[in-house]
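Contents: one structure, followed by commentary.
Only a predicted model underlies this, so the values are computations on that prediction, with no experimental measurement involved.
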Amino acid sequence: MNSILSVLARRLATTTLVLFGVSVLIFLIARIIPGDPARIALGPRATPEQVERMRETLHLNEPLVTQYFYFLSDLLRGDLGISLYTNRPVMTDIAQFLPATLELVLLAGIFMVAIGLPLGALAARHRGGWPDNIIRVLTLMTVSAPSFVWAVILVLLFSYYLPLFPIAGRIHETIMIPPVTGFMLIDTILAGSWDGFWSALHHLILPAFALSLSGIGQAARLTRSNMVEVYDQPYIEMAQSYGFPEDRIARKYAFKPSLIPSLTIIGLDFAALLGNAFLVETIFAWPGISRYGVGVILQKDLNAIVGTVMIISATFLIANIIVDLLVAYINPRIRYAERSK
């Protein structure tokens with residue numbers, strides 16, 4: 001337990017430093033993007049006096065160091081300023097849009113684990129056989145095409161030609177659910193609406209599966225590769241010579257050691273889904289943080305740009321911390337190494 005806490009403490013310290021570096025970097029990038037944020041916010045008909053007052057309000061006339069300290073002090077208070085894109089507090093926008101993307105990404109992550117790992121294990125167990133060949137071809141296809149291509153294909157197949165899934169939105173338009181957490185599946189349960197729950201899940205499956213396909217292929221290919229290497233180890237040959245059941249060898253002696261690199265890649269892919277979800281959210285009209293982020297970038301909304309990037313970066317780092325803890329739990333050598341430091 002102490003070793004796990006040691007891993008957590010080290011990762012939290014590293015995460016704090018990384019977030020500080022990200023805040024500096026994205027702050028500087030947002031300031032050097034061409035265009036005057038005050039002019040963009042007020043529109044082309046604003047007078048020079050109005051633009052100047054807006055620049056003073058946003059501290060744009062101050063030196064960059066002063067501007068950053070204003071931003072950092074507001075950030076530590078949980079204040080990301082007002083969005084010039086929506087004219088609302090940035091935190092309000094993030095609280096509205098982030099749960100939709102997290103719900104989408106979480107289900108995509110479940111698909112990656114629940115489908116990718118078993119496919120890789122099945123291919124490794126039957127390496128060289130027809131299941132292995134079929135899985136390798138399918139996973140190569142999923143990795144080769146980006147998520148938005150699969151989103152279009154899935155919409156055509158399962159929403160147009162076979163109308164099995166809805167094409168847009170988070171829930172059927174006739175079902176009204178009061179927002180509590182922002183997570184539609186949870187809010188429908190809190191409201192006691194099982195029809196709403198199944199409708200929300202029905203709307204969620206197709207975009208989440210489209211978003212996860214590339215990760216499924218990568219997880220399957222990596223798991224297969226790792227398990228094939230493990231199968232060549234002497235202790236596997238010894239277990240086979242002693243007549244251990246193949247299911248036990250595959251599950252306990254080959255699959256578990258292969259989980260560590262697979263979980264690491266899945267964690268990175270899962271965190272990256274937040275930034276890669278824009279086109280999938282656009283195709284399915286999903287009101288998520290990725291679509292919001294692209295919109296504020298096009299409007300050069302400084303407060304919203306920095307806030308969105310910081311939230312996505314924090315989520316990325318939290319996902320990495322969780323993966324590190326899982327790896328430390330699975331691999332005793334990492335725990336012992338942390339304990340000896």
Any side-chain heavy atom of [X] sitting closer than 4.5 Å to one from [Y]?
X    : Y    : answer
R136 : N133 : yes
V155 : Y160 : no
Q50  : R53  : yes
I311 : L98  : yes
L102 : P99  : no
T142 : L138 : no
T181 : L190 : yes
I177 : I171 : yes

Side-chain polar contacts of residues 17-28 - donor-acceptor pairs under 3.5 angstrom, sequence neighbours left out - could you list them?
from, atom 1, to, atom 2, distance (Å)
S23, OG, F20, O, 2.6
S23, OG, Y68, OH, 2.8

Going hydrophobic residue to hydrophobic residue with side-chain gaps under 4.5 angstrom, can you get from [X] over to [Y]?
X    : Y    : answer
V306 : Y70  : no
I186 : I175 : no
M176 : L204 : no
V143 : I216 : no
Y161 : F284 : yes

Pairs involving residues 96-125, ordered by first then second residue, that meet ring pair (Phe, Tyr, Trp, His ring centres under 6.0 Å) (sequence neighbours left out)
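Passing the test, one end in residues 96-125: F97-Y292, F111-F209.
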
So does [Y] get a backbone contact from the side chain of [X], meaning a donor-acceptor N/O pair under 3.5 Å?
X    : Y    : value
T308 : I305 : no
W286 : A100 : yes
S225 : R221 : no
E229 : N226 : no

Closest heavy-atom pair and its distance - [X], [Y]:
X    : Y    : result
E103 : F183 : OE2-C, 3.5 Å
A200 : M184 : CB-CG, 3.5 Å
A114 : P118 : O-CG, 3.1 Å
A208 : L104 : N-CD1, 3.4 Å
L211 : A277 : CD1-CA, 4.0 Å
L119 : A220 : CB-CB, 4.0 Å

Measuring from [X]:[atom1] to [Y]:[atom2], what's the distance to the nearest 0.5 Å?
X    : Y    : atom1 : atom2 : value
T92  : N87  : OG1   : CG    : 12.5 Å
I115 : S212 : CD1   : OG    : 6.0 Å
T315 : L273 : OG1   : CG    : 12.0 Å
I322 : L317 : CD1   : CG    : 11.5 Å
S290 : E281 : OG    : CD    : 4.0 Å
M227 : L117 : CE    : CG    : 10.5 Å

Quick one: list whatever passes ring-ring contact (aromatic ring centres under 6.0 Å, His included) with H202, sequence neighbours left out.
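ring-ring contact (aromatic ring centres under 6.0 Å, His included) check on H202 returns F165.
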
Restricting to ring-ring contact (aromatic ring centres under 6.0 Å, His included), what partner residues turn up for F197, sequence neighbours left out?
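With neighbours one apart ignored, the set is W194.
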
Pairs satisfying salt bridge (charged side-chain N to carboxylate O under 4.0 Å, His left out), at least one member in residues 140-168, at least two apart:
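Sorted result for residues 140-168: empty, none.
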
With sequence neighbours excluded, give me every salt bridge (charged side-chain N to carboxylate O under 4.0 Å, His left out) pair touching residues 187-209.
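Qualifying pairs: none.
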
Of I283, L279, V280, V152, which meets side chain to side chain contact (heavy atoms under 4.5 Å, CB included) against S147?
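Checked I283, L279, V280, V152 against S147; only one passes side chain to side chain contact (heavy atoms under 4.5 Å, CB included): V280.
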
With S159 as reference, evaluate L154, I167, L164 under the side chain to side chain contact (heavy atoms under 4.5 Å, CB included) test and give the passing residue.
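Single side chain to side chain contact (heavy atoms under 4.5 Å, CB included) partner of S159 among L154, I167, L164: I167.
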
Show the numbers, then the answer: is there a side-chain contact (heavy atoms from CB on, under 4.5 Å) between S199 and H203?
CA-CA 6 Å; S199 176; H203 282 72; 3.5 Å; yes

Stepwise salt bridge (charged side-chain N to carboxylate O under 4.0 Å, His left out) test for D132 and R224
CA-CA 9 Å; D132 182 25; R224 178 200 177 276; 2.7 Å; yes

